[in-house]
Amino acid sequence: MLQGTADVEALGASAPSLELPASEALEVRHVDLMQVAYEVRADDRDALLPPALHPVNPPVATFSFLRAASSDHGPFTLAEMRLLCRSGLRTRGYLIGSFIDNDDMAAALAAGWGYRISVADVSLERRYDSTAGRVTVDGREVLVAGHVSPVPLSPDDLQYTATMNLARLDRGLRLVQVERDYQFTRAERGTPFVHAFDADVWGEPRLRLSHPASASSAIADVTLKPVRFVCRPDVWAFEGTEAVRG
Amino acid sequence: LRFGIFFELSVPRPLTREHEQLVYRNALEQARLADELGFDTVWAVEHHFLEEYSHCSAPELFLTAVAMQTERIRVGHGAVVCVPQMNHPIRVAERAAVLDILSGGRLEFGTARASTWTELGGFGVDPDTTKISWDEYVHLLPRLWTQERVSYEGATVSMPERAILPKPVQEPHPPIWVTVTTPGTELDAADRGIGCLGVAAASFSEQERRTREYRRRIELCNPVSSVVNNSVTTLNYLYCHEDDEVATSVGSQMMNTFMLLNGHLLWTREVYPTAAYQSLANLAPVGRSRGTSENPEERRPVPDGIAVGDPERIVKAIKMWEEVGIDGVNFILNTAESIPHEDVLASMRLFAGEVMPAFGRA
């Protein structure tokens, strides 16, 4: 069966340190969301993931944007790139990297949920016939992704999966299970595009996009839940899952 | 109660050509033995691109080989994917008719619409359209099999008037089924007067509810042809051994392998938000989940209702399904060759000798 083969210590070289996983939820209301799913070349499918995680066939990367007009740390726009995978039998996304335009929120996400995150210019623009997200680093666009020709969906049709963030805890390197609760008030699906993507800057030069899958956007209240579980990155989730408290 | 065997044709890693050939050879021998032992049907899935989980991409060829090597057992498409990018309905009708001829009228014809992004995306299928095309197929195919000439204008397929040749042996046509993965498909089956080929996880109570609803609704059906196939089957695992502990150990390994391979498929729902795919259509059969009781019997890693154990235990398990009101049980015999082939054959023999008689089958 498919299983990640990445060297855990090499992956962990750029992992953030996380003294104490978040015990309080972080809520943001009335946020704009957008996610683009894109198939990636399968050549390095297994080598991109730690042994705890299982690749899916075909490998799919997701680019997601979250724009909040207000939060405890002020307004922010967050962009994440994940690789879809399995943890045990659970459907998950492994965080490759993320960018945000708010220093305080960057610190909070790294310290509480183990986000590998950098500050950059991040934007999400919704228009009548399209939605586009942009990440600009040192004046250069490293991601332009979005969708055109949106069609309305029922909010029940959307399903965004939990994320596994590799971080260094007191107990060692762990995959932090980041769970979000979404209360969608509007949802739509469009034809996806990626006009710019710099895999090097996102931290995984082996990722090569191959084929568009889908794109969706939504308006929702989002709750980043307290961390309940972490998982050793070097063994299967059945063996390596640990409760954070109690 | 009818008993069938159900092939995914899963292949162990490394995915060598030799392993693929071994899996096909073993499956053919298991089908021949099933024929001798009195099993009713050999089912084969249609899947594409599902590495390791299923290398059964041309089931009509596999089933033809089964038909030519057996005398009595029925051969079942479990099931043909009814979307035009994968199977044009004319080709489906033609291939099925030829298989019915070559098998001497032994074809069971299952229909499906695929659940994974791997398959739908691979063929460039719009997931929003698969329920529509499936519905068109199940209405169109009986006409292609029974009418001298057919023309058709539909939403997903159209054709000018043509004579579809040859016609099947069975009058008016082979029994039609639909694979039931997501809740609600049993109602689609009932409304159209076709059989429910259960391939998804369902508890006893859920299966009982679905079966009851199906029976009630099929009484009011608007059938897709002149015949109604009022039948419900469920999917199960089979590993039968005189020693229950051995059976449990070997069988649970097979189940775990199947559940892992199945659980790692990339479901359409995960990648493509749509009302047409509302759930992750896990196919792993399950029974009641096990607790952490101090009673060893309650910690047994095989849930109730799963046909893994000694003959007595399996009789008890199948009786539970019989009480639910289903018409048949189809068995997965192995997964990725995790059980040695000879042991699979021995399990089938023991089942036929010790379990089948409990259900009036000699």
Side-chain angles (χ1 to χ4, degrees), chain A residues 1-4 33-39 42 45-46 49 53-62 82-93 147 150-162 184 187-192 210-218 236-238, chain B residues 10-15 47-55 115-129 201 253-284 286 289 301 335-338:
Chain A
M1 127 188 4
L2 293 173
Q3 185 176 8
L33 299 162
M34 198 254 309
Q35 178 169 287
V36 173
Y38 225 91
E39 294 187 16
R45 177 177 61 186
D46 301 356
L49 292 172
L53 302 177
H54 306 268
V56 294
N57 165 36
V60 172
T62 63
R82 311 180 315 153
L83 197 56
L84 293 189
C85 60
R86 295 288 180 275
S87 174
L89 292 172
R90 308 280 183 190
T91 175
R92 297 285 183 258
H147 66 78
V151 293
L153 293 176
S154 160
D156 292 341
D157 296 336
L158 278 184
Q159 182 179 30
Y160 293 150
T161 55
F184 296 110
E188 53 194 26
R189 188 187 68 227
T191 304
S210 65
H211 192 75
S214 75
S216 59
S217 54
W236 284 20
F238 300 116
Chain B
S10 51
V11 174
R13 289 185 183 274
L15 301 179
H47 282 309
H48 304 272
F49 319 122
L50 302 186
E51 298 170 26
E52 199 172 1
Y53 177 75
S54 173
H55 292 221
S115 299
T116 67
W117 174 255
T118 315
E119 292 165 291
L120 296 177
F123 281 96
V125 177
D126 175 355
D128 283 344
T129 65
Q253 166 85 8
M254 164 180 63
M255 290 168 52
N256 290 340
T257 303
F258 185 91
M259 284 191 282
L260 279 170
L261 294 183
N262 180 259
H264 291 181
L265 300 179
L266 182 58
W267 306 106
T268 299
R269 171 81 173 169
E270 291 177 71
V271 176
Y272 194 93
T274 167
Y277 288 87
Q278 285 288 325
S279 64
L280 305 182
N282 283 4
L283 304 185
V286 295
S289 61
T335 297
E337 305 303 287
S338 63

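Note on naming: letters A, B, ... go to the chains in the order of the sequence lines (proteins, then strands), and numbering restarts at 1 for each one.
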Tell me which of these, Asp156(A), Val60(A), Thr62(A), Leu84(A), has more heavy-atom pairs under 4.5 Å with chain B than the rest.
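Greatest number of close heavy-atom pairs with chain B: Asp156(A).
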Against chain B, work out which of Val151(A), Leu2(A), Asn57(A) has the most heavy-atom pairs shorter than 4.5 Å and name it.
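Heavy-atom pairs under 4.5 Å are most numerous for Asn57(A).
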Given a strict heavy-atom distance threshold of 4.5 Å, which part of Tyr38(A) is in contact with chain B: side chain, backbone, both, or neither?
neither
Side chain, backbone, both or neither: which part of Leu153(A) has a heavy atom under 4.5 Å from chain B?
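For Leu153(A), side-chain heavy atoms alone lie under 4.5 Å from chain B.
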Nearest-0.5 Å distance, [atom1] of residue [X] to [atom2] of residue [Y]:
| X | Y | atom1 | atom2 | value |
| --- | --- | --- | --- | --- |
| Gln278(B) | Gln159(A) | CD | CD | 10.0 Å |
| His264(B) | Thr91(A) | NE2 | OG1 | 10.0 Å |
| Phe238(A) | Asn256(B) | CZ | CG | 8.0 Å |
| Ser216(A) | Tyr272(B) | OG | OH | 11.0 Å |
| Met1(A) | Leu261(B) | CE | CG | 4.5 Å |

Do the side chains of Glu270(B) and Arg86(A) get close enough for a salt bridge, i.e. N-O under 4.0 angstrom?
yes
Among Pro58(A), Pro59(A), Pro55(A), which residue meets the side-chain contact (heavy atoms from CB on, under 4.5 Å) test with Leu266(B)?
Pro58(A)
Taking every heavy-atom pair that is under 4.5 Å apart, which of Pro273(B), Ala336(B), Gly121(B) has the most such pairs with chain A?
Pro273(B)
Are the side chains of Leu260(B) and Leu89(A) in touch, meaning some heavy atoms are under 4.5 Å apart?
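Yes, their side chains come closer than 4.5 Å.
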Under a 4.5 Å heavy-atom cut-off, does chain A meet the side chain of Glu52(B), its backbone, both or neither?
side chain
